[in-house]
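Only a predicted model underlies this, so the values are computations on that prediction, with no experimental measurement involved.
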Amino acid sequence: MYRRSVPSQSADPRSGEVFGPVIPDTTAAELDVILAAAAGASDAWADTSAAVRASHLRAIADALDADRDGLVEIADRETALGVPRLTGELARSTFQLRMFADLVDSGEDRAAFVDVEISGPPPAGHPEFRLARVPLGPVAIYGASNFPFAFSVPGGDTASALAAGCPVVVKAHPAHPQTSQRCAEVISAALAAAGAPGGVFAWVHGFSAGVALVTDCRIRAGAFTGSVAGGRALFDAAVSRPDPIPFYGELGSVNPVVATPAAAADAAVLVEGWLGSLTLGGGQFCTNPGLLLAPRSSAVAEQIRTQVAALPEAVLLHAGISTHLDQSVGTLRGSPGVRILAE
């Protein structure tokens, strides 16, 4: 069933101020048009030469760089991740696009399957097999909340799919709808100016549109970066289709750190490094070291209590993360054997 959710509108995580236009969910009819265009462009995009495809990727990178100040300003207002961090992340995104362009240009993406030496005919009664890489077709990509550029609309998944000759349909993340919209508009304009086939790139908004993407027969692969629950639901949908499709997911995790007695002997240094990583980006990195195991006899616990008090407050990306954090801490707080060192 296709259901409409609340239209997306941006809010400043620092102040809670709502700003910018309301971005409506993509309707079922609109999604059908988008997917028909992507499927229709699939053969034409797959048949483009390496040089043409590489030039299109570089055109996207150049257009994003040209709009850097505007993109970063919007992203900072929507995510509170800070101008320095976001400027670097956008540069990472354009680097990825150019890296894939260079890879396509060099032919390295096909090198393993070119000029294969055939030692002789196959045994009698056996067919001859050749291995080749071919574009799968339209790919559904799901943007992450904590990387509005590098793992979102202009991210590595988009760059690699386009480089491989696959049209892309990106599901924008509701935490930064205006950033996603502006990035998508920049990419679309760059592709159109470069002469790419219509339908090679598109974006959608809304929960139902995202679910419908991965279950539609015109989508031939999915890529996701985000929570375990969200990624698992999409994976289950992708593999439960009458024609299961590949699903490339980077799901949330808990990353344990084990402190040896030797490391824990200098507890102040250990904790300083651990807390720096733990709180980087408000603790909203997928590599966040959320679990530290240390010898009971060490001073690690006391150092955590002391050093946490000196840390600056952080602004979380959106209310959903804040609510989930409160719920998780509440559950832990009521568990046997748990005591709160600092908060």
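Taking a cutoff of 4.0 Å between a charged side-chain nitrogen and a carboxylate oxygen, Arg14 and Asp76 qualify as a salt bridge. Looking at Glu302 and Arg305, a side-chain N of the basic residue comes within less than 4.0 Å of a carboxylate O on the acidic one, giving a salt bridge. Electrostatic pairing of Arg58 and Asp102 counts as a salt bridge here, judged by a charged N lying under 4.0 Å from a carboxylate O. Looking at Glu343 and Arg333, a side-chain N of the basic residue comes within less than 4.0 Å of a carboxylate O on the acidic one, giving a salt bridge.
Counting only distance, with no hydrogens or angles, the side chain of Arg98 and the backbone of Leu57 share no donor-acceptor pair below 3.5 Å. Here the side chain of Arg241 pairs a donor or acceptor atom with the backbone of Asp216 at under 3.5 angstrom. Side-chain atoms of Ser55 come within 3.5 Å of backbone atoms of Val52 as a donor-acceptor pair (strictly under, hydrogens ignored).
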*Show the numbers, then the answer: is there a side-chain contact (heavy atoms from CB on, under 4.5 Å) between Leu90 and Leu86?*
CA-CA 6 Å; Leu90 182 58; Leu86 291 166; over 6 Å; no
*Tell me, with the steps shown, if Val170 and Phe201 meet side-chain contact (heavy atoms from CB on, under 4.5 Å).*
CA-CA 8 Å; Val170 183; Phe201 174 84; 3.8 Å; yes
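Once rounded to the nearest 0.5 Å, the distance linking CD of Gln307 with CG of Leu341 reads 12.5 Å. How far CZ of Phe147 is from CZ of Arg85: 4.5 Å, rounded to the nearest 0.5 Å. For the atom pair CD (Glu73) and OG1 (Thr179), the distance works out to 10.5 Å, reported to the nearest 0.5 Å.
Around atom CZ of Phe95, no more than 12 heavy atoms belonging to other residues, nucleotides or ligands sit under 6.0 Å away. At most 12 non-hydrogen atoms from other residues, nucleotides or ligands lie less than 6.0 angstrom from CZ of Arg296. Heavy atoms of other residues, nucleotides or ligands lying less than 6.0 angstrom from CZ of Arg68 number 12 at most.
When all heavy atoms of Leu162 and Trp45 are compared, the pair lying nearest together is O-NE1, 3.1 Å.
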